[in-house]
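All remarks here apply to the structure that follows.
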Amino acid sequence: MTSEMPADLLAHARAAKGFMPEDEGAFLHRLARERLPHGPALEIGTYCGKSAIYLGAAARAVGGTVLTVDHHRGSEENQAGWEHHDASLVDDELGLMDTLPVFRRTLALAGLEEHVTAVVGRSTSVATWWRTPLSLVFIDGGHAEVHAQNDYSGFAHWIMPGGTLVIHDVFERPEDGGQAPFHVWQRAVDSGSFEPRDTVGSMRALARTGGSAGDPVG
Ligand code: SAH
Ligand code: MG
C-alpha cells in the first residue's frame, strides 16, 4: 500500500528513543499523509523525535511541513524518580532534562530536517502567538490534566474544517492509564466541533466538522 511508512524511515523510527508503538506511529503517518496537502501539521510533545519521524516521513512523501512543539525539559513523568525517567537525557550542569540535542540528532540522521521544524518552548507560550490554520494537530505533550487541557484550548481551534485532531494515550479505564487524554477526547466530542474517526491502540483521531480555523471550538 502506498500510504505505508517507507522502510528507511521506519528503521529510524524504530531506533529512536520515545513512546510510540509501531502500529500507532503508522496510523499517525497515514493521517498526516492525508492531511499535509491541505496545510501544516502540528505536534505537541516532541521528546526525542520518534513520532516526529512518522510525521516527517509523511511530509517527505507528499510535501508540506510538520511543526513540533516542546520545551524539551520533560514532563512530570520523565523527571528523576518517575517511571519514564532516562538519566542519559539530563544536562548535568543545569540539573535539567534536555531532549533537544537528541531530537536534533535523530532528525538529522533520518534526513528529515527539511520537513520538520522544531518549535522550542512551553506549549501555552507558543499557543499565545499561534495564528496559523492547521491541517492536523497531534496532542502528545504533558499528560497532567492541566497541560493536556491547555494543549486542546491552545491549538484545537486552529484545525481547519475537515482537519484532524489526534490524541495519544487515550485510556477509557483508569486501570489502563492516566485519564487526562481521555478527558480531552470527551471534551472534543462534547464540543460538537469534532466527530470521532478511527482509533488504533491508544491513539484516537477526530475530524473537525465545521466552523473555520481560529473560531472557538468549545
Ligand atoms: N511524541 C513523543 C513523546 C512525547 S513525551 C514520542 O513519540 O516519543 C511528552 C513531551 O511533552 C515531553 O518531551 C515534554 O517535555 C513535553 N511537554 C510536557 N509539557 C509541556 C508543555 N507544557 N509545553 C511544551 N512541552 C511539554
Ligand atoms: Mg504519548
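Both ligands and their constituent atoms are indexed starting at 1 by order of listing.
- Counting heavy atoms from C-beta outward, Ile53 and Met5 have side chains that approach closer than 4.5 Å.
- Ligand 1 places these atoms under 4.0 Å from at least one heavy atom of Arg122: 23 (N), 24 (C).
- To the nearest 0.5 Å, atoms CG (Leu55) and CG (Leu112) are separated by 10.0 Å.
- When atom types are taken as modelled, the side chain of Ser135 and the backbone of Pro40 share a donor-acceptor pair closer than 3.5 angstrom.
- With rounding to the nearest 0.5 Å, the separation of OG1 in Thr99 from NE2 in His72 is 5.0 Å.
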What do the steps show when you test Arg122 against Thr128 for side-chain hydrogen bond (donor to acceptor under 3.5 Å, both in side chains), and what is the final call?
CA-CA 10 Å; Arg122 263 193 215 191; Thr128 303; over 6 Å; no
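- Taking a cutoff of 4.0 Å between a charged side-chain nitrogen and a carboxylate oxygen, Asp8 and Arg60 qualify as a salt bridge.
- The shortest N/O to N/O separation between Gly74 and ligand 1 falls below 3.5 Å.
- Counting only heavy atoms of the protein, atom 25 (N) of ligand 1 lies nearest to His71 N, 3.4 Å.
- Numbered from 1 in the order shown, with element, the atoms of ligand 1 that lie under 4.0 Å from a heavy atom of Met20 read 7 (O).
- For Asp140, the N, O or S atom with the smallest separation from the Mg ion (ligand 2) is OD1.
- Of the listed residues (Thr65, Thr68, Thr46, Thr106), just one forms a side chain to side chain contact (heavy atoms under 4.5 Å, CB included) with Val116, and that residue is Thr68.
- Remark: Arg204 engages Glu172 in a salt bridge, criterion side-chain N to carboxylate O under 4.0 Å.
- Ligand-side atoms of ligand 1 in range of Ser123: 21 (C), 22 (N), 23 (N), 24 (C), range being under 4.0 angstrom from any heavy atom.
- Nearest-heavy-atom check against atom 15 (O) of ligand 1 across Ile53, Asp70, Leu28 picks out Asp70.
- When distances from the Mg ion (ligand 2) to the N, O or S atoms of His168 are compared, ND1 comes out shortest.
- Listed by atom number, the atoms of ligand 1 under 4.0 Å from Gly121 heavy atoms are 24 (C).
- In Asp169, the N, O or S atom that comes nearest to the Mg ion (ligand 2) is OD2.
- Taking atom 8 (O) of ligand 1 as the reference point, the nearest protein heavy-atom neighbour is Phe19 N, 2.8 Å.
- In terms of N/O distances under 3.5 Å, ligand 1 is not approached by Val69.
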Assess whether side-chain hydrogen bond (donor to acceptor under 3.5 Å, both in side chains) is satisfied between Asn150 and Thr124, documenting all intermediate values.
CA-CA 7 Å; Asn150 281 343; Thr124 46; 5.5 Å; no
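- Close approach of ligand 1 to Gly18 is summarised as follows: ligand atoms under 4.0 Å from at least one heavy atom of the residue are 8 (O).
- The closest protein non-hydrogen atom to atom 7 (O) of ligand 1 is Ser51 OG, 2.8 Å.
- Set against the non-hydrogen atoms of Ser75, the atoms of ligand 1 under 4.0 Å away are 9 (C), 10 (C), 11 (O), 12 (C), 14 (C), 15 (O), 16 (C), 17 (N), 18 (C).
- Considering backbone and side-chain N/O atoms, Asp140 comes within less than 3.5 Å of an N/O atom of ligand 1.
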What do the steps show when you test Trp158 against Val137 for side-chain contact (heavy atoms from CB on, under 4.5 Å), and what is the final call?
CA-CA 8 Å; Trp158 288 109; Val137 167; 5.7 Å; no
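- In this structure the side chain of Asp86 never reaches within 4.5 angstrom of the side chain of Cys48, judged on heavy atoms.
- Atoms of ligand 1 found under 4.0 Å from any heavy atom of Thr46 (numbered from 1 in listed order, with element): 2 (C).
- Contact atoms of ligand 1 toward Gly142: 11 (O), 17 (N), 18 (C), 19 (N) (distance under 4.0 Å to a heavy atom of the residue).
- To the nearest 0.5 Å, atom CE of residue Met97 and atom NE2 of residue His85 are 7.0 Å apart.
- Ligand 1 has no N or O atom lying under 3.5 Å from any N or O atom of Thr99, backbone or side chain.
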